Every structure is written in structure tokens, then in C-alpha cells.
Undergrad: 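First the structure, which I've put down as C-alpha cells, then a few questions once you've had a look.
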Amino acid sequence: MGLTIDKILVILVIAMFVLGPERLPGYAKKLGELTRGVKRMADGAKDRLREEMGPEYDDVDWKQLDPRQYDPRRIIRDALLEDEREARAEIRRSQTEAARTPRVGELHPDGTAVGFHFDDEAT
């Protein structure tokens, strides 16, 4: 969340002035209980997920699924580059196909001449 030690200290000092020395220990205790409760809920969800998934749970790479690692700029760039790569591949395929088709004056693989029209009945 971007909290550094400096920011936490500032928040604590402000809390001391706002809450006062009488109520501060009670709120600190409630914050500790809330933190422990959230941790228990997270651990319970994790255990339940492990129980439902079975042995496959250990095979999952959880770091790969972390949403913090995704950079929208990189995703868009990769998508645009993928479209460009596909266009280049299509151009290469059409050039290869054009190179494979015999031109006028060349011999077809079966040995016949391409592009020349002969009159078989002419003498």
C-alpha cells in the first residue's frame, strides 16, 4: 500500500493527538484484534482452498497469478506487437506462395511449360 515507516509514525502521532492518551490503548487493542481476525480468515480460506484442490494446490505457481505483476502498458504493447507479427507472417506466407507458383516460361513440376499455349493441331 506504499506505507513506509515515516508515514506510519506520522499516522501514530496524529492518532495520539486525536484520540488522546486515555483512549489510545483501547483502540490499539482493537486494531490488533482486527489484524489477527483478518489473518485467521485469510489462513482459513487458504486451508479450505488447499483442501478442495487437493494435491494440485502445491503445483500452482501463485506468483504468476499475482495481479500486481501485470503492467497494462506491457499487455497492450504485447497485443499490438502480436498483431504486427501476425501481419508479417501473413505477408511472408503470401510471398512464399507467390514464389511457389510457376511463372510464364517456367516448367511446371510435371514437366509441362506454363504460360505457353500451343495449338496441338497446327503443323
Side-chain angles (χ1 to χ4, degrees):
M1 289 183 359
L3 289 177
T4 62
I5 298 295
D6 299 338
K7 292 178 184 177
I8 292 173
L9 288 176
V10 169
I11 292 171
L12 288 176
V13 169
I14 292 172
M16 284 179 21
F17 283 113
V18 171
L19 297 175
E22 300 86 29
R23 292 186 285 173
L24 190 61
Y27 282 106
K29 182 179 178 183
K30 288 181 183 180
L31 180 63
E33 290 171 358
L34 177 69
T35 305
R36 283 189 292 277
V38 169
K39 184 174 180 347
R40 260 187 263 119
M41 285 176 43
D43 288 341
K46 187 176 173 182
D47 292 340
R48 183 173 175 194
L49 183 64
R50 176 177 279 133
E51 182 179 298
E52 289 181 9
M53 284 185 69
E56 298 168 357
Y57 179 84
D58 296 328
D59 297 336
V60 175
D61 183 14
W62 295 105
K63 289 181 182 178
Q64 180 184 5
L65 301 175
D66 186 4
R68 294 175 289 181
Q69 74 175 350
Y70 296 110
D71 180 15
R73 293 171 292 190
R74 183 178 55 91
I75 293 170
I76 291 171
R77 184 183 64 236
D78 290 347
L80 291 174
L81 289 176
E82 182 177 330
D83 291 342
E84 187 176 317
R85 278 188 226 119
E86 288 176 7
R88 286 183 188 159
E90 182 62 34
I91 291 170
R92 271 189 249 117
R93 272 187 247 125
S94 64
Q95 289 173 345
T96 304
E97 185 62 33
R100 286 185 184 157
T101 58
R103 296 185 189 96
V104 173
E106 292 182 354
L107 289 179
H108 196 271
D110 64 0
T112 60
V114 177
F116 293 117
H117 299 288
F118 297 104
D119 187 5
D120 294 334
E121 295 178 5
T123 55

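When reading the values below, keep in mind they use all heavy atoms of this one structure, side chains included, and skip hydrogens, waters and symmetry mates. In this text, all values refer to a predicted model and were calculated from it rather than measured experimentally. Start at 1 with the first residue, then count along the sequence.
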Undergrad: What's the spacing between T35 OG1 and R40 CZ if we round to 0.5 Å?
TA: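 Here the rounded value is 10.5 Å.
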Undergrad: Considering only heavy atoms from C-beta outward, does the side chain of E86 approach that of E90 to under 4.5 Å?
TA: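 E86 vs E90: side chains apart.
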Undergrad: What is the distance from atom CZ of R48 to atom CG of D43, rounded to the nearest 0.5 Å?
TA: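 Here the rounded value is 15.0 Å.
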Undergrad: Counting only heavy atoms not in I5, do more than 12 fall under 6.0 Å of its CD1?
TA: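 No, not enclosed.
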Undergrad: For M16 and L24, which heavy atoms make the closest approach, and how far apart are they?
TA: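 Shortest heavy-atom contact: CG-CD2, 3.3 Å.
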Undergrad: Considering residues, nucleotides and ligands other than R74, do more than 12 of their heavy atoms fall under 6.0 Å from its CZ?
TA: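 Yes, the 6.0 Å shell around CZ holds more than 12 heavy atoms from other groups.
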Undergrad: Is the shortest heavy-atom distance from the side chain of I91 to the side chain of Q95 under 4.5 Å?
TA: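 When only atoms from C-beta onward are counted, Q95 and I91 do touch, with a gap below 4.5 Å.
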Undergrad: Can V10 be reached from V18 by stepping across I, L, V, M, F, W or Y side chains whose heavy atoms are under 4.5 Å apart?
TA: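 Yes; tracing contacts between hydrophobic side chains, which count when under 4.5 Å, links both residues.
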Undergrad: Taking atom CD1 of I75 and atom CZ of R73, what is their separation to the nearest 0.5 Å?
TA: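 So the gap between those two atoms works out to 11.0 Å.
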Undergrad: How many angstroms lie between CG in L12 and CD1 in I8, if you round to the nearest 0.5 Å?
TA: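 Taking CG in L12 and CD1 in I8, the distance rounds to 7.5 Å.
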Undergrad: Please determine whether a side-chain nitrogen of the Lys or Arg among R88 and E84 lies less than 4.0 Å from a carboxylate oxygen of the Asp or Glu.
TA: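 Salt bridge present between R88 and E84.
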